[in-house]
Amino acid sequence: MKETIEKALNAQLNAEMYSSYLYLSMEAYFKSINLDGFANWMNCQMQEESAHARKFYDFINQRGGRVTLTTIDGPETEWDSPVAVMEATLAHEQKVTALINDLLDLALDERDHATNIFLQWFVTEQVEEEDSVNSVLQQLKQTGASEGGLFLVDRELAQRTFTPPSVTAA
Ligand code: FEO
């Protein structure tokens, strides 16, 4: 594996760990305002990001590269409202999508076919991620303005469970 690719994959591993940390922080925010369903949703999101980081970790090793862990930036800790959190989540996922696209461009430039194929899973995943965040955001905007509406959304988000991505789906 080329050094440029190894470096970029390690940077993405760090970005996924940051995402996990950010969602853990959002979970803590929701806990602090007693929205346990939202907190559960963020907990699933946090686990998902950790699984994404693991995929990069495993792939770097499989390719004979060296995983190098670096400092994870501190996430934000306060938001003005549940809507503000979901807006920040959507903006964050859009940023991650751009990072994945840049990484894919690099793999194509370097003619690294294995990395290209590996990243295809993330391209699809990002479409799903943005869609699921956006649907919570829209639901929140439509029904969450009142306390009763917020309670209903919270109850629904309490149902989310985390399913680890298949180890073979690379
Ligand atoms: Fe790992 Fe939510 O992107």
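First listed ligand is number 1; within each ligand, the first listed atom is number 1. Throughout, residue positions are numbered sequentially from 1 according to the sequence presented. Since the model is a prediction, treat every value here as computed from it, not as a measurement.
- Between Q159 and R155 the shortest heavy-atom distance is NE2-O, 3.4 Å.
- Among the backbone and side-chain atoms of E48, none of the N, O or S atoms lies under 2.8 Å from atom 2 (Fe) of ligand 1.
- Residue-level check: among N/O/S atoms of E49, OE2 sits closest to atom 2 (Fe) of ligand 1.
- Angle subtended at atom 2 (Fe) of ligand 1 by E93 OE1 and E129 OE1: 80°, rounded to 10 degrees.
- When only modelled atom types and interatomic distance are considered, E130 and Q126 share no side-chain donor-acceptor pair under 3.5 Å.
- Contact annotation: E16 places an N, O or S atom under 2.8 Å from atom 1 (Fe) of ligand 1.
- Between F118 and F59, the angle of the ring planes stays under 30°, which puts this pair in the parallel group of the 30/60° scheme.
- Checked against atom 1 (Fe) of ligand 1, the N, O or S atom of H52 at the shortest distance is ND1.
- Between E48 and R160, at least one side-chain nitrogen of the basic residue sits less than 4.0 Å from a carboxylate oxygen of the acidic one, meeting the salt-bridge criterion.
- Residue E76 comes nearest to S25 through the heavy atom pair O-OG, 2.5 Å, listed as atom of the first residue, atom of the second, then distance.
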